[in-house]
Amino acid sequence: MDGRIRVIPLSAIASICNLSMDGVPFRGGLRAHDSWENYSLQEGLATIGYRGNVIGKLSVNLVPTEIRILHYLLTYTILPRGGNHGVIQHEDVLVMWAMLKGYKICWPFFIIQHMLKFQGKTNKPIGYGPLWSKIYEYLGVDVQGARK
């Protein structure tokens with residue numbers, strides 16, 4: 001690469017991911033869009049059926065089985081991360097709450113925001129490997145012989 005910063009339009013990410021841009025983008029961490037009802041962590045935890053103490057780490061063992069399966073799907077594919085998948089993060093609660101309430105989520109925007117969290121973190125695994133390959137292809141970046 002020649003060192004220039006390239007900007008990929010959100011519509012290109014939507015096209016590469018084969019995802020619609022319908023729905024509401026998340027703004028500023030856990031704040032939901034204004035058109036949603038007032039989200040709170042307590043509301044989210046009640047929606048997912050959390051049966052534990054809200055102080056400290058939230059355990060996936062304290063939610064019903066179907067929510068546990070949804071959580072693992074999120075943390076391994078949609079919100080990939082390394083580390084303990086048995087802990088529910090506040091972001092996970094927000095996404096599951098929105099899904100269970102039937103709100104549309106602008107997934108391309110959400111994926112971009114999630115990818116930006118890894119910016120500058122050298123010891124963290126970065127998710128979306130196939131998507132990165134497609135982005136490099138879209139930008140015309142030669143990755144032949146590149147390390148994983």
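Since the structure is predicted, the reported quantities are computational estimates derived from the model, not experimental observations.
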Following the transitive rule for hydrophobic clusters with a side-chain heavy-atom cut-off under 4.5 Å over Ile, Leu, Val, Met, Phe, Trp and Tyr, establish whether [X] and [Y] coincide in one cluster.
X    : Y   : result
Y76  : I69 : no
I48  : Y72 : yes
L100 : Y50 : yes
L45  : V87 : no

Checklist entry - Quick check: does any side chain N or O of Y103 sit under 3.5 Å from a backbone N or O of V95, one acting as donor and the other as acceptor? => result no
Shortest non-hydrogen contact from [X] toward [Y]:
X   : Y   : value
W97 : G44 : CD1-CA, 3.7 Å
M99 : L70 : CE-CD1, 3.9 Å
V54 : L41 : CG1-CD2, 4.0 Å
G49 : P64 : O-CD, 3.6 Å

Checklist entry - In this structure, which one of N61, L62, I67, V60 forms a side chain to side chain contact (heavy atoms under 4.5 Å, CB included) with I88? => result V60
Straight-line distance of [X] [atom1] to [Y] [atom2], nearest 0.5 Å:
X   : Y   : atom1 : atom2 : result
E66 : H71 : CD    : NE2   : 14.5 Å
L79 : M96 : CG    : CE    : 9.5 Å
L58 : D92 : CG    : CG    : 9.0 Å

Next on the checklist: If the condition is side chain to side chain donor-acceptor pair (under 3.5 Å), which residues does T75 pass it with, not counting sequence neighbours?
Outcome noted: H85
Checklist entry - Any salt bridge between K101 and E43, counting N to O under 4.0 Å? => result yes
